[in-house]
2 protein chains.
Amino acid sequence: MIKLTAQRQAILDMINQSNQHWDAEILARALSDAGHSIGIATIYRGLTALEQAGLIQAMHLGDKKRYERSDKAHHDHLVCGSCGSIEEFFDEQIEQRQRHVASQYHFQMNGHQLLIFGICQQCLKLSVKGEQS
Amino acid sequence: MIKLTAQRQAILDMINQSNQHWDAEILARALSDAGHSIGIATIYRGLTALEQAGLIQAMHLGDKKRYERSDKAHHDHLVCGSCGSIEEFFDEQIEQRQRHVASQYHFQMNGHQLLIFGICQQCLKLSVKGEQS
DNA sequence: GTTATTATTGATAATAGTTATCGTTCTTGG
DNA sequence: CCAAGAACGATAACTATTATCAATAATAAC
């Protein structure tokens, strides 16, 4: 159904080649740096099309939408408020409990998003070092 | 520290009087309907100030920020994709597991957001009725 | 209790992220 | 080859939010 044009292929490749959680702006810059000149509207449309086709997956983080590869198993995210890095995790017990809660509320769950905010290990180390000096 | 002006008091009252998850636009309309004429910038600034003071709490849902009372215990949300309603729930096991995951990753958690997406009981009932007719 | 200082307000301009418009280009089937 | 539809790029428009700035209100200093 979806037409995989050269532009969309470039977007898809870029996303598939890394574990990043891309937003449209960063992706545009990366594509430009890689030699692809793709209009920003085409990038937004491409992302939407690729998401609908299930070729990539999307999440809302704060005020912008992020896209990542869809060829990995479901997972949730640890978001560092200091460096902005995003770490992934999966916990079957949490998944189970969510299904349980949904059924309790007679709620037909078709997705979820769990973000854990805080400070990542890296940044914790740095802040300790910084305080010592 | 925060100055509770008449405008901010009106915003706070409006939020405290209901269990809604307000966005700035809806809140502005409600305040206007209630006879308060408060500039939209003042509403945004007031919301930020009240949030920083801990008098209300905020969450990101999709592309807009929502505010709700802070005088209730922590909870997460079931978001209906059909009618937009937001139901609240709390599950200690999920909370515990999150703390566990964070410590596993040496991640200093200082908050989280869990959104369960799907269709609420009300909308499920309606869709069944609709299909029968 | 006037004056100086500081914070807040409202109108509006500006910004960020995203979507819509529109004329042009690229496919693809007949 | 050519018509129909999809996608493209440039850019205008839109939504949510923040910044600017002059006017006003509250607070503190004398």
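Chain A is the first sequence line, chain B the second, and so forth, proteins listed ahead of strands; every chain is numbered from 1.
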Contacts satisfying salt bridge (Lys or Arg N to Asp or Glu O under 4.0 Å) that involve residues 99-112 of chain B (not counting sequence neighbours) are B/E92-B/R99
So, is A/T42 near the phosphate of D/dA7, with a side-chain N or O under 4.0 Å from OP1 or OP2? no
Please report the distance, rounded to the nearest Å, between CD1 in A/I43 and P in D/dT11. 16 Å
To the nearest angstrom, how far is B/K3 atom NZ from C/dA7 atom C1'? 4 Å
Would you tabulate the pairs of protein nitrogen or oxygen atoms and nucleotide nitrogen or oxygen atoms of nucleotides 12-18 of chain D closer than 3.5 angstrom?
residue : atom : partner : partner atom : Å
D/dA16  : OP1  : B/K64   : NZ           : 2.5
D/dT17  : OP1  : B/K65   : N            : 2.9
D/dT17  : OP2  : B/Y44   : OH           : 2.9

Could you state the atom-to-atom distance from CZ of A/R45 to P of D/dC8 in whole Å? 7 Å
Spacing of A/L27 atom CG relative to C/dG17 atom C1', expressed in whole Å: 14 Å
Hydrophobic cluster of B/L61, others only, ordered by chain and residue number, side-chain cut-off 4.5 Å: B/M59, B/V79, B/I86, B/L115, B/F117
Within the pair A/T5 and D/dC8, is there a side-chain N or O less than 4.0 Å away from OP1 or OP2? yes
Return each pair, listed once, that meets ring-ring contact (aromatic ring centres under 6.0 Å, His included) where at least one residue sits in residues 45-91 of chain B; pairs must be two or more places apart or across chains. B/H21-B/H77, B/H74-B/H112, B/H75-B/H77
Measure the shortest side-chain to side-chain distance between A/I116 and A/D76 over non-hydrogen atoms and say whether it is less than 4.5 angstrom. no
How would you list, by chain and number, every residue that makes a side-chain hydrogen bond (donor to acceptor under 3.5 Å, both in side chains) with B/D71, sequence neighbours excluded? B/R69
Quick one: A/L47 CG to C/dG17 P, roughly how many Å, whole number? 14 Å
Of all residues at least two apart in sequence or in a different chain, which pass the side-chain contact (heavy atoms from CB on, under 4.5 Å) check with B/T5? B/K3, B/Q7, B/R8
Counting only heavy atoms not in A/Q104, do more than 12 fall under 6.0 Å of its CD? yes
Residues from residues 6-18 of chain A sitting under 4.0 Å of DNA chain D, heavy atoms only? A/Q7, A/R8
side-chain contact (heavy atoms from CB on, under 4.5 Å) partners for B/S82, two or more places apart: B/C80, B/I119, B/C123
Value in whole Å for how far the C1' atom of C/dC26 lies from CG of A/L4: 15 Å
Can you give me every donor-acceptor pair (side chain of residues 28-50 of chain A, partner residue at least two apart or in another chain, under 3.5 Å) with its distance?
residue : atom : partner : partner atom : Å
A/T42   : OG1  : A/R45   : NH2          : 3.3
A/T48   : OG1  : A/Y44   : O            : 3.0

What integer distance in Å separates B/I38:CD1 from D/dA25:C1'? 15 Å
